Protein chains: 2
Amino acid sequence: VSRGTALDVAAAQRAVFARIDVRLEADIERVQEFVRQPSISAEDRGIRECAALLRDYLAALGCDPAEIVETGGHPVVYGERWVGAPRTLLIYLMYDTQPVSGETWSVPPLEGRIVEQPPFGRCLVARGAKNSKGPLRAFLNAVEAIEEATGSLPVNLLFVAEGEEELGSPNLPGFVERYADRLARADAMLHPYALQEPDGRVLIWPGTKGLLYVEVEASGERWGRGPRAYDIHASQKAIVDNPAWRLVSALASLVSDDGNTVTLDGFHDTVRPPTAAEEAAVVTLAETFSIEPFRQLWQVDRFLDEETTLGLLRRYFFAPTLNLDGIWGGYTGPGSKTVLPHKATAKLDMRLVPNQGKDEILAKLRRHLDVRGYADLDVRLLGGGEWSQTAPDAPIVRAAVGGLRDLGVEPEVWPRNVGFFPGYVFNRPPLALPFCAAGLGHGGRAHSPDEYFVLDGNDKVYGLAGCEKSYAAMVFYYAAGDQ
Amino acid sequence: VSRGTALDVAAAQRAVFARIDVRLEADIERVQEFVRQPSISAEDRGIRECAALLRDYLAALGCDPAEIVETGGHPVVYGERWVGAPRTLLIYLMYDTQPVSGETWSVPPLEGRIVEQPPFGRCLVARGAKNSKGPLRAFLNAVEAIEEATGSLPVNLLFVAEGEEELGSPNLPGFVERYADRLARADAMLHPYALQEPDGRVLIWPGTKGLLYVEVEASGERWGRGPRAYDIHASQKAIVDNPAWRLVSALASLVSDDGNTVTLDGFHDTVRPPTAAEEAAVVTLAETFSIEPFRQLWQVDRFLDEETTLGLLRRYFFAPTLNLDGIWGGYTGPGSKTVLPHKATAKLDMRLVPNQGKDEILAKLRRHLDVRGYADLDVRLLGGGEWSQTAPDAPIVRAAVGGLRDLGVEPEVWPRNVGFFPGYVFNRPPLALPFCAAGLGHGGRAHSPDEYFVLDGNDKVYGLAGCEKSYAAMVFYYAAGDQ
């Protein structure tokens, strides 16, 4: 890009930033309004109303169409803001939230209450504040500010907002397939989020691990051995098989004795080595990364491979895992009651890396058990999704890095998110879009009581204005196309 | 014994049986009175009052002393009925019961309600009815009937009734030690119980397996690896150890893959082979024993070694076991929540045979874990006791067999009870008494709602009168001394 164009962009961006500062208090109210509208997908609470509200927001932005698209479940809200720009971004959003029932909050969770919360200043404390209705509305605010300050948009925007992210996005792939022709006009996907840690560190995620979540159960009923119907007296162990022992022995075959190497047959067969760009991202990240905040946060004395930061990070991002999330069976109360359980159950989650497939690994788990004589063990698929991956030096990632640098931060480009979100739906065919999740701002306690999103900010983390500016800056950088 | 003496005994016994028939309705009321007095040891509910009531019963029988003996916990009720007979029996009783709180009963559990319960006729439905206040009071009724019908007793009786059986008899060994001089006058111990199955089969137990009950826990806190304080997000598995995997792998080292052979180091070292008498008892039992009622009761399709009855029974009585009673950790609710647990816990019970020691096996478990690097696993002793064993052809057992035959039944002499009761306290030094548990009558649902004890009986099981007659007959047989 020519220096002249860069100057134009810089001027436009300055105007947008100024506009965002002017809008701030009104933008806070816009975020409050959005979180006040319940949208709890698991309970089908307020979903329709929230979809309608979001559709109205998109229409007000000038989207045409701005529509509610029916799926087999909760609707997708779809909007196109086509300005004839050379580049087009697909903006992936979610408008649903986790439930609040049974939780104890210090404020009513759906009132959009603003609370002074040191060291962050004012915070919005509400369900969805951080995950992700706060960032969603912040992005719309940023788009409005761009249009107000510059009279146009530097890119075309295609908005896809689903109402089932917290349910595992069951209908998102179907929607993308039906809308593939329209969505294929996008050059990349951006998921605007608030990825700033309390210490000021900023993450960019150009990928996610895949996720396979299953329940495995051993039972006398399916086994044909052991008690069929209920837990029996433990003295019968001498002549009665124990399904809980069966589960333990099957589980033990899945990992090494220390639980840290997966021994499920063929689990690693399709793992591809990190690319040069992924490896380079880790090497760069290792220069600044510190495990200490994690040691504090997770209360872990010692991490695997923490002898070197590079070794630790390679394992963190590139190693697929098989975790035992939960296990239960028999008598689990206080004191001693001697029973021989009629069944026992475990929950397992597997975090998959390129090129492991969810269905592939599920089939391998089934085969691993069958080959060892555990054909009677019930394997129930509870959820998950595929990994996704954009090169850490792809244009959309470089745009994010550039945009965030304009706000004075040096982001950490993680090779991928070690958690999961359904980036694969856009990253895989038919769209095969490069993507990343990025954005300034900070929030916390997602999926927990007193979820919050920082409005004011401090010397380490940006508040709502900084979040909106980061979205605008990334859009400008992507539009400028010098990446 | 001379034929003349046998005839005298038969005549006396006939008189006692007739007296028991006359007393029946009054005896039912005596049992009702006793179960109406709560004696829930775990909740210290009614224990003192029940001990006083029992002391009065023993005094009314002519016991001198009849006393409440303090221990560190609930008192022992002790009574001596010394008649100058050549033989002396120690009668082991328990006056405490399981709780009822939180249970749903069809009748008030402490009212001593009589319920018509096909096919058994009238049954007493109450906590303690079968385990063991019904049999206890039935034994006292039988002793009264003997004295009423014959003017004396054929043996001296030493009554030891504890109030902590349901708590693992923590103070019974101490009591026996303090009273050893007096108790050492006994020639044998009898535990009067109602050991008749619904199909009419009658068991005699001249021993019990030992019991060791422990809780084993893996935790990040003790390990120094994994999450120290709470369950963390499962995506961290890549660089964080999982205490639940650690527990699974430690547990898997304790048994064979099928869970049926104990591989705990040295577990079998002190197991002595069955004696000729124990083996003979199993061979005799195999002639009549059927596993079918157990298949029905426990809802088990296939038992271990059931190809031959002898093989099955050898395993049942002679094999020590290591059972997984319960296991829990992490997320155990519905659906998928991805967590890396900070701890996981298992309950294990071991059933020990001669000459395995409870402390010996506990130490071996600790060593087994330590040797494999699991020194951080917490092993908590929850309870148990030693095995006990009297030769299946000992005089006290032959007396029980003879007495029960007089009631027209052919008892099954099991080499030992596969469950547990604290017979070892009397069977081991300082007393080293031979013993057995025996008696006609039937009850059920011990430790469960609607516990019952049959009063009328039918063509298969005896009611209260038959139970009392069996106690009297066993006492006469033991006194006659022809065994």
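None of the values given here were measured: they were computed from a predicted structure.
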Exercise. Could you go step by step and tell me if Asp241(B) and Arg246(B) meet the salt bridge (charged side-chain N to carboxylate O under 4.0 Å, His left out) rule?
Worked result: CA-CA 8 Å; Asp241(B) 298 272; Arg246(B) 185 163 181 77; over 6 Å; no
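- Put simply, CZ on Arg302(A) and CZ on Arg228(B) are 13.0 Å apart, with the number rounded to the nearest 0.5 Å.
- When heavy atoms are compared at a cutoff of 4.5 Å, Phe420(A) does not approach chain B at all.
- Of the two parts of Asp305(A), neither the backbone nor the side chain holds a non-hydrogen atom closer than 4.5 Å to a non-hydrogen atom of chain B.
- Note on Leu254(A), Leu322(A), Val214(A): by heavy-atom pairs under 4.5 Å with chain B, the leading option is Leu322(A).
- Chain B forms more heavy-atom pairs under 4.5 Å with one residue of Thr332(A), Val248(A), Val300(A), Leu382(A) than with any other, namely Thr332(A).
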For this session: Kindly determine whether Leu381(B) and Leu212(B) satisfy side chain to side chain contact (heavy atoms under 4.5 Å, CB included), including the steps that lead there.
Result: CA-CA 8 Å; Leu381(B) 177 64; Leu212(B) 171 60; 3.4 Å; yes
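- Interface summary for chain B: among Ala238(A), Pro320(A), Gly335(A), the most heavy-atom pairs under 4.5 angstrom belong to Ala238(A).
- Side-chain atoms of Ser388(A) come within 3.5 Å of backbone N or O of Thr208(A) as a donor-acceptor pair.
- Checked by atom type and distance alone, the side chain of Gln356(B) pairs as donor or acceptor with a backbone atom of Val353(B) at under 3.5 Å.
- For chain B, the nearby part of Phe294(A) is the side chain; its heavy atoms alone come within less than 4.5 Å.
- Side-chain atoms of Tyr374(A) and Ser249(A) form a donor-acceptor pair, as typed in the model, at a separation below 3.5 Å.
- In terms of heavy-atom pairs under 4.5 angstrom with chain B, the leader among Val255(A), Leu348(A), Asp258(A) is Val255(A).
- Looking only at heavy-atom pairs under 4.5 Å with chain A, the residue among Trp298(B), Trp223(B), Tyr331(B) that has the most is Trp298(B).
- If you measure heavy-atom distances from Leu247(A) to chain B, you find no contacts under 4.5 Å at all.
- For Asn323(B) (side chain) and Ala234(A) (main-chain N/O), no donor-acceptor pair under 3.5 Å exists by modelled atom type.
- Not a single donor-acceptor pair under 3.5 Å links the side chain of Glu215(B) to the backbone N or O of Val379(B).
- Chosen from Lys337(B), Lys209(B), Glu306(B), the residue pairing most often with chain A at heavy-atom distances under 4.5 Å is Lys337(B).
- Looking at Arg351(B), only its side chain comes within 4.5 Å of chain A, counting heavy atoms on both sides.
- A salt bridge does not link Lys343(A) to Glu221(A): none of the charged side-chain nitrogens sits closer than 4.0 Å to a carboxylate oxygen.
- In terms of non-hydrogen atom pairs under 4.5 Å with chain A, the most contact-rich of Ala250(B), Gly220(B), Gly224(B) is Gly224(B).
- If you measure heavy-atom distances from Tyr213(B) to chain A, the contacts under 4.5 Å come from the side chain alone.
- For chain A, the nearby parts of Val418(B) are the backbone and the side chain; heavy atoms of each come within less than 4.5 Å.
- Counting heavy-atom pairs closer than 4.5 Å to chain A, the top residue among Ala344(B), Gly329(B), Gly330(B) is Gly329(B).
- With respect to chain A, the highest number of heavy-atom pairs below 4.5 Å among Leu251(B), Ile232(B), Asn260(B), Ile327(B) belongs to Ile327(B).
- For chain A, no part of Pro243(B) is nearby; none of its heavy atoms comes within less than 4.5 Å.
- Within the 4.5 angstrom heavy-atom criterion, atoms from both the backbone and the side chain of Val339(A) approach chain B.
- Both the backbone and the side chain of His233(B) have a heavy atom closer than 4.5 Å to some heavy atom of chain A.
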Problem set entry | side chain to side chain donor-acceptor pair (under 3.5 Å) between Thr263(B) and Ser256(B), intermediate numbers included | CA-CA 6 Å; Thr263(B) 54; Ser256(B) 57; over 6 Å; no
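- Classification of Arg225(A) and Asp301(B) as a salt-bridged pair fails, no side-chain N sitting under 4.0 Å from a carboxylate O.
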For this session: Please test His447(A) against Glu166(A) for side chain to side chain donor-acceptor pair (under 3.5 Å), starting from the C-alpha separation and ending with a verdict.
Result: CA-CA 10 Å; His447(A) 293 214; Glu166(A) 300 293 1; 3.2 Å; yes
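- Chain A forms the most heavy-atom pairs under 4.5 Å with one residue out of Asn417(B), Leu211(B), Leu297(B), Leu313(B), and that residue is Leu297(B).
- Considering all non-hydrogen atoms of both residues, Lys130(B) and Ala446(B) come closest at CG-CB, 4.3 Å.
- Only the side chain of Ile291(B) comes within contact range of chain A, with at least one heavy atom under 4.5 Å from a heavy atom of that chain.
- Most heavy-atom pairs under 4.5 Å with chain B: of the set Thr321(A), Leu312(A), Asp231(A), this distinction falls to Thr321(A).
- Contact tally against chain B (heavy-atom pairs below 4.5 Å) for Ala319(A), Gly383(A), Ser336(A): the top residue is Ser336(A).
- Ring-plane geometry between Trp414(B) and Tyr316(B) is classed as perpendicular, the angle between the planes exceeding 60 degrees on a 0 to 90 degree scale with a lower cut at 30.
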